[in-house]
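Report on the following structure.
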2 protein chains.
Amino acid sequence: MPRRTESLSRERIVDAAVELLDAAGEGGLTFRALTDRLATGPGAIYWHVANKGELLAAATDAVVSPALAADPAGAPGDRLRAVALALFDAIDAHPWVAAQLASGPWQTTDPRLLESVGQQVRALGVPRGRWFTVASVLVQYIVGAAAQNAANARVVGPGGDRAAILGEMARGWEDLDPDAYPFTRAVAGQMRAHDDREQFLAGIDLALAGVAALHPPRS
Amino acid sequence: MPRRTESLSRERIVDAAVELLDAAGEGGLTFRALTDRLATGPGAIYWHVANKGELLAAATDAVVSPALAADPAGAPGDRLRAVALALFDAIDAHPWVAAQLASGPWQTTDPRLLESVGQQVRALGVPRGRWFTVASVLVQYIVGAAAQNAANARVVGPGGDRAAILGEMARGWEDLDPDAYPFTRAVAGQMRAHDDREQFLAGIDLALAGVAALHPPRS
DNA sequence: ACCTGAACACCGTTCAAGT
DNA sequence: ACCTGAACACCGTTCAAGT
């Protein structure tokens with residue numbers, strides 16, 4: 001059935017890798033699965049790709065690049081939110097990307113995310129001497145929060161009942177020792193009802209409020 | 001030489017796992033390496049531990065728990081900084097922990113970090129209805145930023161010349177296309193001189209400023 | 001230049017057998 | 001109850017050989 005029509009290429013290999021990762025997660029990317037799907041031997045793949053690490057990096061880039069390509073318009077704050085949400089949604093659709101982004105250094109891919117975020121930081125009136133720090137903090141929050149959200153989504157699973165699992169977790173929190181975990185118990189109900197995307201945006205808003213407070217725009 | 005004196009136990013296995021991970025990173029934890037060091041067979045280890053995933057989780061917990069055990073005194077902001085720094089330093093000393101924390105959901109271990117952070121959020125005067133959101137955002141930043149920092153540290157490596165590698169990366173940024181990467185180029189010098197720990201703290205301060213701005217404490 | 005496929009070293013895990 | 005160690009299925013990677 002999987003008869004080869006086009007000749008092999010790095011692009012076809014990377015596309016197949018993304019499909020395997022989407023279908024079965026990190027563990028789904030295997031040279032055997034890849035050779036099956038592409039109807040070749042492992043040597044053919046190694047001709048186009050140095051090793052599995054490079055293939056994973058290329059697959060990550062194939063998902064992240066389009067998400068960062070769009071350059072939204074609007075006020076700096078809104079553009080920052082749009083960039084962040086684009087990455088959030090890309091990771092949500094391809095949860096395996098999270099581990100790559102979070103545990104490879106974000107400089108690895110290339111500095112596109114830093115550039116996008118940084119341009120908004122500049123537009124927000126942050127003083128020049130603080131550009132790198134503020135932009136880095138925002139990038140780290142965006143990548144880190146999106147990654148941890150993907151991890152939660154993986155627990156629920158593709159066909160899982162989100163409400164049921166949140167409820168189960170909330171019940172676990174409510175059963176904790178009241179002396180050791182008063183806050184967690186008090187907050188279990190809010191966690192049951194929370195929305196991942198909204199909370200991610202709340203984090204961006206919190207950071208933006210911090211930027212405005214520390215660096216009030218002179219008007 | 002590695003003669004067994006004590007009998008095997010889950011604790012001894014977890015300790016050995018932490019040592020292997022510290023010595024050689026994620027790839028260093030192997031059942032063969034473990035059996036060598038403990039002078040047993042794999043079956044003995046499986047008697048005490050369900051599988052490799054559980055062992056990794058237990059090793060992570062063994063590192064994270066002590067870091068969260070100390071309950072620092074002081075003003076809410078200072079206590080929050082202390083909790084965050086304790087986790088940062090633990091991850092810095094055991095970089096493999098980062099991948100575990102960032103890509104396993106933080107609820108997995110248990111809600112100790114949320115509890116610590118949350119108690120400070122409450123003390124800061126955040127209104128009750130926003131407790132979960134604000135505390136979650138802070139936890140996600142702390143874990144995410146610490147994890148990405150560990151990834152950077154892994155690039156430098158244990159004996160690596162940090163200044164040299166930062167300089168190399170900065171030079172790469174300075175060579176980027178001026179039209180596509182104006183911000184990144186402008187910021188290369190700041191990145192060359194930056195301090196990971198300081199920048200992490202700057203992120204906490206930014207978040208705290210955001211909390212204060214969105215939820216001004218009534219005095 | 002590009003591909004084939006057998007082979008290698010290594011991995012997590014199982015399990016009948018011992019004590 | 002706790003441990004042994006051979007065995008199994010699977011993995012990433014290599015490489016002589018083909019076209």
Side-chain angles (χ1 to χ4, degrees), chain A residues 1-62 96-97 99-100 103-104 108 154, chain B residues 1-62 96-97 99-100 103-104 108 154:
Chain A
M1 180 68 89
R3 241 316 110 118
R4 187 123 55 83
T5 63
E6 256 173 306
S7 75
L8 211 51
S9 71
R10 189 182 155 94
E11 196 196 350
R12 267 171 48 79
I13 294 172
V14 171
D15 286 349
V18 169
E19 286 168 28
L20 288 173
L21 288 161
D22 285 345
E26 192 105 31
L29 180 58
T30 289
F31 276 85
R32 324 271 158 166
L34 216 44
T35 53
D36 279 2
R37 176 175 287 247
L38 295 170
T40 32
I45 293 172
Y46 276 94
W47 177 260
H48 295 276
V49 154
N51 52 43
K52 191 180 181 180
E54 190 193 292
L55 181 53
L56 249 172
T60 301
D61 195 66
W96 50 272
V97 167
Q100 289 309 109
S103 52
T108 289
R154 216 174 318 168
Chain B
M1 179 67 90
R3 240 320 108 119
R4 188 123 55 81
T5 62
E6 254 172 307
S7 74
L8 211 50
S9 70
R10 189 181 156 95
E11 196 195 351
R12 266 171 49 78
I13 294 171
V14 172
D15 286 349
V18 170
E19 286 168 27
L20 288 173
L21 288 162
D22 285 346
E26 192 106 28
L29 180 57
T30 289
F31 276 84
R32 324 271 158 166
L34 217 44
T35 53
D36 278 3
R37 179 175 285 248
L38 295 170
T40 34
I45 293 173
Y46 277 95
W47 177 259
H48 295 277
V49 154
N51 51 42
K52 192 180 181 180
E54 191 194 292
L55 181 54
L56 249 173
T60 301
D61 195 67
W96 51 270
V97 167
Q100 289 308 109
S103 52
T108 289
R154 217 175 315 167

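All values below were derived from every heavy atom in this structure, side-chain atoms included, with hydrogens, water molecules and symmetry-related copies excluded. As the structure is a prediction and not an experimental result, all values here were calculated from the model. Just so it is clear: chains get the letters A, B, ... in the order the sequence lines come, proteins before strands, and each one is counted from 1.
- For the pair B:L34 CG and D:dC3 C1', the interatomic distance rounds to 15 Å; values are reported in whole Å.
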Protein and nucleotides 16-19 of chain C: nitrogen or oxygen contacts under 3.5 angstrom:
none

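- When every heavy atom of B:V14 is checked against every heavy atom of B:A62, the shortest pair comes out as CG1-CB, 4.0 Å.
- The list of ring pair (Phe, Tyr, Trp, His ring centres under 6.0 Å) pairs with a residue in residues 20-46 of chain A, not counting sequence neighbours, reads A:F31-A:Y46.
- Remark: P of D:dC3 and CZ of B:R10 are 14 Å apart, rounded to the nearest angstrom.
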* Structure fact -> Nucleotide by nucleotide, nucleotides 10-15 of chain C touches protein heavy atoms under 4.0 Å in the pattern (B base, S sugar-phosphate only, - none) -BBBBB
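- For the atom pair A:L55 CG and A:T60 OG1, the distance stands at 9.5 Å (nearest 0.5 Å).
- Under the side chain to side chain donor-acceptor pair (under 3.5 Å) criterion, the residue pairs touching residues 48-58 of chain A are A:R10-A:E54, with sequence neighbours excluded.
- Separation of atoms CG (A:L34) and CD1 (A:I45) is listed at 4.0 Å; rounding is to 0.5 Å.
- B:A33 and B:G28 make their closest contact through CB-O, 4.0 Å (heavy atoms, listed as atom of the first residue, atom of the second, distance).
- Here the CG-CG distance, from A:L29 to A:L21, works out to 4.5 Å after rounding to the nearest 0.5 Å.
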* **Pair pattern of DNA chain C in dot-bracket, where unpaired bases get dots and | marks partners in another strand, Watson-Crick or G-U under 3.5 angstrom** => ||.|||||...|||||.||
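- Contact between the side-chain N/O atoms of B:H48 and the OP1/OP2 oxygens of D:dC3 is found at a separation under 4.0 Å.
- For the side chain to side chain donor-acceptor pair (under 3.5 Å) condition, the pairs that include at least one residue of residues 18-34 of chain B, sequence neighbours left out, are B:E19-B:R37, B:D22-B:H94, B:D22-B:W96.
- B:W47 has no side-chain polar atom (N or O) that falls below the 4.0 Å cut-off from OP1 or OP2 of D:dC3.
- For the pair A:L38 and A:A16, the tightest heavy-atom approach, listed with the atom from each and the gap, is CD2-CB, 4.0 Å.
- Judged as a salt bridge (Lys or Arg N to Asp or Glu O under 4.0 Å), and not counting sequence neighbours, A:E11 has no contacts.
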